[in-house]
**Q** 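The structure's right below; bear with me while I get my questions together.
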Amino acid sequence: MLVSGFPLMSGKACLLVALFLTASWIGVFQPEELDFEENREQIFVQSRAVTTWSGTVQLTSSYTVSSGDELRIQPGTTIEMSLGARLYVDGRLSVLGNDVSPVLITSGISTQSHEGLQFNTTSNGFGSVVRNLTIQNADYGVTIYGSNPLLDNLTILDPDYVGVDLFSSATPTITNLHIDEAGQDLHGFANTWRYGLGLSIGAGSAPVVTGLQVNDAITRGINVWGGSGGLIRDTHIHNVSLATQSISAGVWVEDSILLFQNLTVNRSDHGVYVRHITETGVTRPTFRDTVIENSMYVGVFVERYNHSLYANIPMNAQFEGLTVRGTGGPNAKASGLCTAALNINTSGVYIENALIENNDCIGFRGYMMGSSTTVRNLTVNGSGKVGASDPNLGSGIYLRSVNWAPTFDDISVSDAATNGIHLRKSSLRGTNWSVDNSSRVGLYIRESHPEVEGITVEDNGLNGVHIFDANNVLLENVISARNGGSASGVSDGVGYFYEESNTLTAPTKDVTCRTCTSIDDAQGGVMLSSSIDVVLENHTIVTPAGIGPALRVDNSGLTRTGVVTIRGMSIHQEESSTHAVSIGSSDASINGLNLQGNHSGMFW
């Protein structure tokens with residue numbers, strides 16, 4: 001018989017069918033057969049026990065939210081925790097504070113510290129949410145092992161060791177995190193360097209952080225280590241200083257790859273410090289739209305920890321849109337102590353669109369860089385140690401021991417305390433350089449082998465270009481104008497000064513200036529002293545009225561013979577009492593020399 005389209009069965013048969021259908025329905029909803037992310041709420045709801053806290057809750061010992069259970073903390077709740085107590089989360093934690101009634105976790109006794117919150121790996125995927133929570137008087141604010149809670153509007157006041165501490169591939173989402181005075185109460189008493197940290201990201205963790213503020217921490221605002229990653233954006237860090245057992249820095253990154261966007265660090269010992277430590281690891285943070293101000297020692301420092309290994313590694317750090325200002329200046333924690341605003345002590349760094357200004361030390365210092373380093377659109381204004389006895393320390397840009405050949409394109413330096421750009425034992429390539437209003441030399445090249453096309457040096461106190469003890473140099477399309485106004489002698493005041501730039505003849509070692517111009521340089525255009533294998537090609541010299549000779553060559557100090565080569569030179573000089581060209585004690589090869597104006601011709 002059929003009833004409503006179904007065959008009529010006995011009671012026993014109906015029971016068996018019902019049991020079979022029920023078992024089939026249950027099997028459909030087993031956790032291992034569900035998409036966990038889409039259905040985790042359904043699974044959790046079926047099995048959890050829910051505990052609710054409100055009002056004032058006193059914890060005399062640690063408390064654990066078991067796996068599969070939920071703890072809900074209502075708006076306005078105050079949790080008083082005893083010394084050493086910690087709230088462990090193996091299941092789900094829901095902190096439901098709001099703007100009007102935030103939740104507070106504090107110590108039962110204000111002089112004692114609790115251990116804050118700890119999310120364990122078993123809580124991963126259970127959807128823990130922490131909103132509008134303030135934690136005070138804690139050793140550790142929030143510690144996360146391999147879990148992914150949402151932290152929104154979290155304030156941590158005066159944590160002794162770490163504000164938020166991530167381990168074991170933790171992947172939280174954090175918005176509006178505010179950490180104040182990390183390590184201040186412990187400073188001077190800590191028996192470990194690892195205190196006074198704001199946000200620490202380690203052991204493969206990769207958070208997404210939006211809206212982070214760290215003020216007055218002792219050791220680090222952000223501390224990244226151990227192959228970690230993630231995205232950190234809209235961050236402001238202020239006054240990270242005073243650590244004695246490690247380096248204080250607004251941001252510290254080692255052996256990790258992550259992205260920073262819209263970062264500001266103000267008045268810290270070091271602004272950003274990137275260190276590659278583990279040779280089998282990778283260090284490659286990217287910083288976009290970063291402003292570092294008023295650092296005490298260094299604004300940005302990138303280095304390889306093992307200084308004996310300078311392999312040309314692919315990449316150590318990338319900066320796009322970087323501003324560093326006020327390093328070592330009057331608004332730093334202490335003035336006059338900085339070494340460089342931007343300090344690169346490794347290879348593999350990419351910098352694009354950087355402004356370095358008003359620093360009381362070298363603007364950009366590079367050491368042991370190689371071809372994997374690229375710098376594009378770098379502007380350095382008002383930097384260098386004023387009154388430095390060593391001209392290196394007053395330079396806008398100082399490069400030392402640079403291996404062939406990093407790229408420096410679109411470089412501008414103004415108002416350097418000594419030399420605008422100072423190259424020492426450096427081999428590099430570049431285009432479009434400009435240097436103006438440096439107190440000493442515009443471009444100083446010593447024991448270096450640069451190839452640079454497009455250089456303008458104007459209104460510098462001494463020479464526009466000074467090449468000393470160098471060979472294998474190629475400069476093209478150079479303009480030197482109105483340099484040498486502070487010179488006390490002729491050699492310091494000419495546009496181009498070649499000094500011992502080649503002292504013996506060797507193939508492929510020429511020092512060449514091709515298509516080079518000197519206009520109104522204070523003591524004349526070009527001077528060679530004890531320099532051979534110098535090639536002056538397609539030159540134009542216009543001297544100020546009353547100044548000459550425009551070209552001077554004096555190789556009387558050399559014991560070896562050699563040739564100075566001139567291929568196309570036009571000179572306009574208005575000083576009748578001197579020669580336009582004076583060559584002494586030197587062989588020369590001249591092809592195409594045009595002398596104009598009122599002068600005494602040529603002496604050789």
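Just so it is clear, the values below take in all heavy atoms, side chains as well, and ignore hydrogens, waters and symmetry mates. None of these values were measured; they are calculated from a predicted model.
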**Q** With R267, which residues qualify under side chain to side chain donor-acceptor pair (under 3.5 Å), at least two apart?
**A** none
**Q** Show your working on side chain to side chain donor-acceptor pair (under 3.5 Å) between T379 and S412 and close with a plain yes or no.
**A** CA-CA 5 Å; T379 299; S412 176; 4.7 Å; no
**Q** Please check this pair: side chain of Q184 against backbone of D216, looking for a donor-acceptor N/O pair closer than 3.5 Å.
**A** yes
**Q** Sequence neighbours left out, what pairs pass salt bridge (Lys or Arg N to Asp or Glu O under 4.0 Å) with at least one residue falling in residues 50-61?
**A** none
**Q** Output yes when a side-chain donor or acceptor of T219 lies under 3.5 Å from a complementary backbone atom of Y195, and no otherwise.
**A** yes
**Q** Backbone N or O of A170 within a donor-acceptor pair of the S205 side chain at under 3.5 Å?
**A** yes
**Q** Kindly list each side-chain donor-acceptor pair under 3.5 angstrom involving residues 320-330, sequence neighbours excluded, with atom names and distances?
**A**
residue	atom	partner	partner atom	Å
E320	OE1	R288	NE	3.1
E320	OE2	Q318	NE2	2.3
R325	NE	E357	OE2	2.9
R325	NH1	E293	OE2	2.9
R325	NH2	E357	OE2	2.9
T327	OG1	N359	OD1	2.8

**Q** Among T171, V129, I144, which one satisfies side-chain contact (heavy atoms from CB on, under 4.5 Å) with P149?
**A** I144
**Q** For Y63, enumerate each residue passing the ring-ring contact (aromatic ring centres under 6.0 Å, His included) test, keeping only those at least two apart in sequence or located in another chain.
**A** W53
**Q** Scan for salt bridge (Lys or Arg N to Asp or Glu O under 4.0 Å) pairs involving residues 161-172, sequence neighbours excluded, and state none if there are none.
**A** D165-R194
**Q** Going by salt bridge (Lys or Arg N to Asp or Glu O under 4.0 Å), name the residues that satisfy it together with R233, two or more places apart in sequence or in a different chain.
**A** none
**Q** Could you tell me if N98 and N132 have a donor-acceptor pair between their side chains, going purely by distance under 3.5 Å?
**A** no
**Q** Side chains of T235 and T264, heavy atoms from C-beta outward: is any pair under 4.5 Å?
**A** no
**Q** Set out, in order, the CA-CA distance, both residues' side-chain angles and the distance that settles side chain to side chain donor-acceptor pair (under 3.5 Å) for D90 and S66, then state yes or no.
**A** CA-CA 5 Å; D90 290 335; S66 298; over 6 Å; no
**Q** What closest approach, in Å, do G196 and A217 show between heavy atoms, and which atom pair accounts for it?
**A** O-CB, 3.6 Å
**Q** Can you list every pair that meets side chain to side chain donor-acceptor pair (under 3.5 Å) and has a residue in residues 247-260, with sequence neighbours left out?
**A** W252-E254, D255-T278, D255-T283
**Q** Between F287 and L259, is a side-chain contact (heavy atoms from CB on, under 4.5 Å) present by the stated rule, with each step listed?
**A** CA-CA 6 Å; F287 296 84; L259 172 61; over 6 Å; no
**Q** State whether the side chain of S128 and the backbone N or O of L93 hold a donor-acceptor pair below 3.5 Å, judged by distance alone.
**A** yes
**Q** Side chains of E303 and Y367: does their closest heavy-atom pair fall under 4.5 Å?
**A** no
**Q** Using side-chain heavy atoms (C-beta onward) and a distance below 4.5 Å, is I222 in contact with L212?
**A** yes
**Q** Who passes ring-ring contact (aromatic ring centres under 6.0 Å, His included) against H270, sequence neighbours left out?
**A** Y273, Y297
**Q** May I ask you to decide if A49's main-chain N or O and D69's side chain share a donor-acceptor pair within less than 3.5 Å?
**A** yes
**Q** From N345 CG over to Y305 OH, what is the distance, rounded to the nearest 0.5 angstrom?
**A** 13.0 Å
**Q** Check whether any side-chain heavy atom of L117 sits under 4.5 Å from a side-chain heavy atom of L133, and report yes or no.
**A** yes
**Q** Would you list the pairs meeting salt bridge (Lys or Arg N to Asp or Glu O under 4.0 Å) in which at least one residue belongs to residues 326-352, sequence neighbours left out?
**A** none
**Q** Going by atom types only, do H178 and D180 share a side-chain donor-acceptor pair under 3.5 Å?
**A** yes
**Q** State which residue, out of L151, L199, T173, L231, fulfils the side-chain contact (heavy atoms from CB on, under 4.5 Å) condition with V209.
**A** L199
**Q** Please report the shortest heavy-atom distance between N316 and S347, naming the atom on each side.
**A** ND2-O, 3.1 Å
**Q** Run the numbers on V300 and V298 for side-chain contact (heavy atoms from CB on, under 4.5 Å), then give the verdict.
**A** CA-CA 6 Å; V300 174; V298 178; 5.6 Å; no
**Q** Identify the two heavy atoms, one from S123 and one from F119, that lie closest to each other, and give their separation to 0.1 Å.
**A** OG-CB, 3.8 Å
**Q** Does N148 reach the main-chain N or O of G125 with its side chain, forming a donor-acceptor pair under 3.5 Å?
**A** yes
**Q** Using atom types as modelled and distance alone, determine if a side-chain donor or acceptor of S383 lies under 3.5 Å from a backbone N or O of N381.
**A** yes
**Q** Quick test of your reading: applying salt bridge (Lys or Arg N to Asp or Glu O under 4.0 Å), list the pairs with at least one residue in residues 135-158, sequence neighbours left out, ordered by first then second residue.
**A** R131-D152
**Q** Kindly give the heavy-atom pair with the smallest separation between G394 and A388, and that separation in Å.
**A** N-CB, 4.2 Å
**Q** Scan side-chain atoms only and decide if S113 and D160 contain a donor-acceptor pair under the 3.5 Å cut-off.
**A** yes
**Q** Does any non-hydrogen side-chain atom of D185 lie less than 4.5 Å from one of H187?
**A** no
**Q** With sequence neighbours excluded, tell me which residues meet side chain to side chain donor-acceptor pair (under 3.5 Å) with Y140.
**A** none
**Q** For the backbone of G348 and the side chain of T373, can you confirm whether one donor and one acceptor N or O come within less than 3.5 Å of each other?
**A** yes
**Q** Between P406 and N403, what is the shortest heavy-atom contact and its length?
**A** CD-O, 3.0 Å
**Q** Would you say S101's side chain and G76's backbone share a donor-acceptor pair under 3.5 angstrom?
**A** no
**Q** Assess whether side-chain contact (heavy atoms from CB on, under 4.5 Å) is satisfied between N215 and N239, documenting all intermediate values.
**A** CA-CA 6 Å; N215 298 318; N239 191 32; over 6 Å; no
**Q** Could I get the full list of side-chain contact (heavy atoms from CB on, under 4.5 Å) partners for S94, not counting sequence neighbours?
**A** E70, R72, R92, L96
**Q** If you define the side chain from C-beta out and look only at heavy atoms, does anything of L378 sit under 4.5 Å from I356?
**A** yes
**Q** Should Y398 and R400 count as side-chain neighbours, where that means a heavy-atom distance under 4.5 Å?
**A** yes
**Q** Heavy atoms only: give me the nearest A341-G363 pair and the separation to one decimal.
**A** CB-O, 3.3 Å
**Q** To the nearest 0.5 Å, tell me how far M296 CE sits from S268 OG.
**A** 9.5 Å
**Q** Given side chain to side chain donor-acceptor pair (under 3.5 Å), test D289 with N262 step by step and report yes or no.
**A** CA-CA 5 Å; D289 301 323; N262 192 21; over 6 Å; no
**Q** Does the side chain of L258 come within less than 4.5 Å of F260's, by heavy atoms?
**A** yes
**Q** Out of the candidates H114, E80, Q136, only one should pair with T106 under the side chain to side chain donor-acceptor pair (under 3.5 Å) rule; please name it.
**A** Q136
**Q** Does the S395 side chain pair with the main chain of I362, one donor and one acceptor, at a distance under 3.5 Å?
**A** no
**Q** Drop me the distance from I232's CD1 to I174's CD1, to the nearest 0.5 angstrom.
**A** 8.5 Å
